[in-house]
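So the structure is just underneath, and the comments pick up after that.
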Amino acid sequence: MHIGNSLSREKERFTPYNPPYVGMYVCGPTVYSNVHLGNVRTFLTFDIVYRYLLHLGFKVRYVRNITDVGHLTGDTDDGEDKIGKKARLENIEPMEVVQRYTNDFHDVMRVFHILPPSIEPTATGHIVEQISMIEKIIENGYAYASNGSVYFDVRKYAENHNYGALSGRRIDELQNQTRALDGQDEKRDPLDFALWKKADASHLMHWPSPWSEGFPGWHLECSVMSTKYLGKAFDIHGGGMDLKFPHHECEIAQNMGAHGPEEPVRYWIHGNMLTVNGRKMSKSEGNGFTPEELITGNHKLLEKGYSPMTVRFFMLQGHYAGTLDFSNPALQAAEKGLERLMTAWGLFGDLAPVDGAEGHPDVDALRDRAYAAMNDDFNTPMLIAVLYDAVKVVNSVAGGHMPITEEGISALRALFDQFAHDILGLVPETQDGAGTEDRSDHLMEVLCAVRAEAKANKDWATADLIRDRLGALGVQIKDSKDGTTWTFD
RNA sequence: GGUCUGGUGGCCGAGUGGCUAGGCUCAGCUCUGCAAAAGCUGCUACAGCGGUUCGAAUCCGCUCCAGACCUCCA
């Protein structure tokens, strides 16, 4: 298997440090507002990585954090904690903010069938560890305290480390660009970043430390929690493209500043952005959808509602490393495509072997291509193309156009179960009121029997009446040689 | 300005130095009482200009265009 490593900018063969164990860390959300679809895309990307590694038999420890403190609204010293700000605005405790949006995040993950990680640590749960990591970095000479805050000494670090290796930035160029920023009096150098910030009187979230009553810096929690649960050097670190700099660059610096020269992460994976009309989806642009808006279609940029599975499928039709543009025609195409895939998948129930000397489908070849697609940097669009070839096979067999053996059918079924279900996480969307399904199926059988009787008598008026009236209710009738089937909207 | 992505047929979106991606749309055919579904067929693209090559959309250079990051953002 090969992974596109953003550290080397090349596809590299995946070899874990300690097989069959794999450690994977993904930067989770900051829980101060609702997640939008752009966030969902990133977590979906790593859901696929996680699922595929599990499918291959790896024992994966998947750590995805919740950032519940520490990120400021701006770079200046008077910048306010986002969570604190929200708490002030809504007149509630910061931890209420955190809880509310953590719950929301979990709900959204569930709606999109994104598996929960093995460990979901929070920044506030690791204040002690963060303080001790700062102490280590100071001990090693890469950080200094100043007026109750602690800063990472980027210049000092860069003397014997390659700061900027991940993002391709050169320190001298960064220097030029940062010079203009203000509110940096405490720093020795504008490039330095905070490990600990002294809290001013208005700050709601603060903890005691050797330096001041304050709160941890922006990038520290991920270094601390990845080290704690995955070790000083682990296999995969993921996150959105927009975290590459400065967040991940700082993480590397903190890890190496604290623990020594070993690269903390072997494979960096960055998911690309979701765009809307060519623009990055973000909260400030007002072009982000919440899942609710998406499902109901209640948003000015949406022509109609789209189901979570449609969106999941749509996102998987593009490769994670490229940007993906969110548009109504593209969503509608995905909706139809998914329906065709699901319909074929549902046909397995009544698929029977068909005799024939020649023209048997080569299911082994399909499976090989499916693995080849996933092994090539989790190429889900290519996998989906393979699945569509399998759809054609299923439909041909179902239509009696193609011979197949009993083994062929079960191999085909396994292909769908493993790749569409286990790996892509696609499941048929449940109709409202699952408990009523049996009864409505029985009712449909009755109606179809009546209609078959009418058709046998060439009473087309009655047959069409039944079909049209059911169609108006959202039930599609499809006749074939072997009988009649139906689908619900 | 720097760093980094990308520009593919009507739309979305893969990929590869030479051989059909796939989905959606559209047209035709088969099947069918009609319809739908399904199957088959067609619409054959790779920003522009140079270069390397027997051969490039795929490699190299330049140009143009778009986007992201460089301040919090998945």
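Since we're looking at a predicted model, the values are computed, not measured. Order of the sequence lines sets the chain letters (A, B, ...), proteins ahead of strands, with each chain counted from 1.
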Test: A/Arg169 cationic atom under 6.0 Å from A/Phe245 six-membered ring centre, within 45° of axis: yes

Value in whole Å for how far the P atom of B/A38 lies from CG of A/Asn395: 6 Å

Span that lies between the P atom of B/U52 and that of B/G61, in whole angstrom: 15 Å

Separation of B/C73 C1' from A/Leu274 CG (nearest whole Å): 14 Å

A/His2/A/Tyr267 aromatic ring centres below 6.0 Å: no

B/A36 to B/C46 separation - P atoms, rounded to the nearest Å: 35 Å

Ring centres under 6.0 angstrom apart (A/His237, A/Tyr25): yes

Assigned partner base of B/G1, Watson-Crick or wobble definition, under 3.5 Å: B/C70

Between P of B/C70 and CD1 of A/Ile171, the distance in whole Å: 17 Å

Whichever of A/Ala463 and A/Gly337 has its nearest RNA chain B nucleotide further upstream toward 5': A/Gly337

Check: A/Tyr32 ring centre within less than 6.0 Å of A/Tyr101 ring centre: no

A/Met281 or A/Lys392, whichever maps to the more 5' nucleotide of RNA chain B: A/Lys392

Sugar-phosphate only, base, or nothing, as touched by A/Met402 at under 4.0 Å among non-hydrogen atoms: nothing

Nearest-Å distance once atom C1' is located in both B/C12 and B/A45: 14 Å

Listed nucleotide nearest any side-chain atom of A/Arg467, set B/C73, B/A35, B/G67: B/A35

B/A27 pairs with, by Watson-Crick or G-U criteria that keep both distances under 3.5 Å: B/U41

Pairing nucleotide - B/C54, Watson-Crick or G-U, each distance under 3.5 Å: B/G18

Integer angstrom distance from the C1' of B/G9 to that of B/A14: 14 Å

Ring centers of A/Tyr62, A/Phe46 separated by less than 6.0 Å: no

Heavy-atom donor-acceptor pair, A/Arg340 side-chain to B/A38 base, under 3.5 Å: no

Atom P, compared across B/G2 and B/A47: separation rounded to whole Å: 25 Å

Polar pair under 3.5 Å, donor/acceptor by atom type, side chain A/Asp464, base B/G33: yes

Nearest-Å distance for atom pair OH/P, residues A/Tyr101 and B/C73: 18 Å

Closest nucleotide among B/G39, B/G22, B/C73 to the A/Asp389 side chain: B/G22

Separation of B/G23 C1' from A/Gln332 CD (nearest whole Å): 14 Å

Side chain of A/Lys455 - closest among B/G33, B/G39, B/C72: B/G33

Nearest-angstrom distance, P atom, B/G22 to B/C62: 35 Å

Aromatic ring proximity A/Phe314/A/Tyr306, centre distance under 6.0 Å: no

Rounded interatomic separation in angstrom, taking CG from A/Asn39 and C1' from B/C72: 13 Å

Centroid-centroid under 6.0 Å between A/Trp268 and A/His248 rings: yes

Aromatic centroids of A/Phe193 and A/His219 separated by under 6.0 Å: yes

A/Tyr388 OH - B/A21 P separation (whole Å): 18 Å

Base versus backbone protein contacts along nucleotides 3-20 of chain B [heavy-atom cut-off under 4.0 Å; B, S, -]: S--------SSSS-----

Rounded distance (Å) that lies between atom P of B/A38 and atom CG of A/Leu341: 12 Å

Proximal nucleotide (of B/G67, B/G39, B/C70) relative to the A/Arg279 side chain: B/G67

Residue A/Glu292 excluded, over 12 heavy atoms near CD under 6.0 Å: no

Gap in Å between the two P atoms, one belonging to B/U25 and one to B/G33, rounded: 26 Å

Under 5.5 Å and under 30°: A/Trp460 stacked on B/G33: yes

Sugar-phosphate only, base, or nothing, as touched by A/His36 at under 4.0 Å among non-hydrogen atoms: base

Salt-bridge present (A/Lys11, A/Asp377; N to O < 4.0 Å): no

Nearest-neighbour nucleotide for the A/Lys336 side chain, B/U25, B/A37, B/A38 considered: B/U25

Gap in Å between the two P atoms, one belonging to B/U3 and one to B/G48, rounded: 26 Å

Sugar-phosphate only, base, or nothing, as touched by A/Lys458 at under 4.0 Å among non-hydrogen atoms: nothing

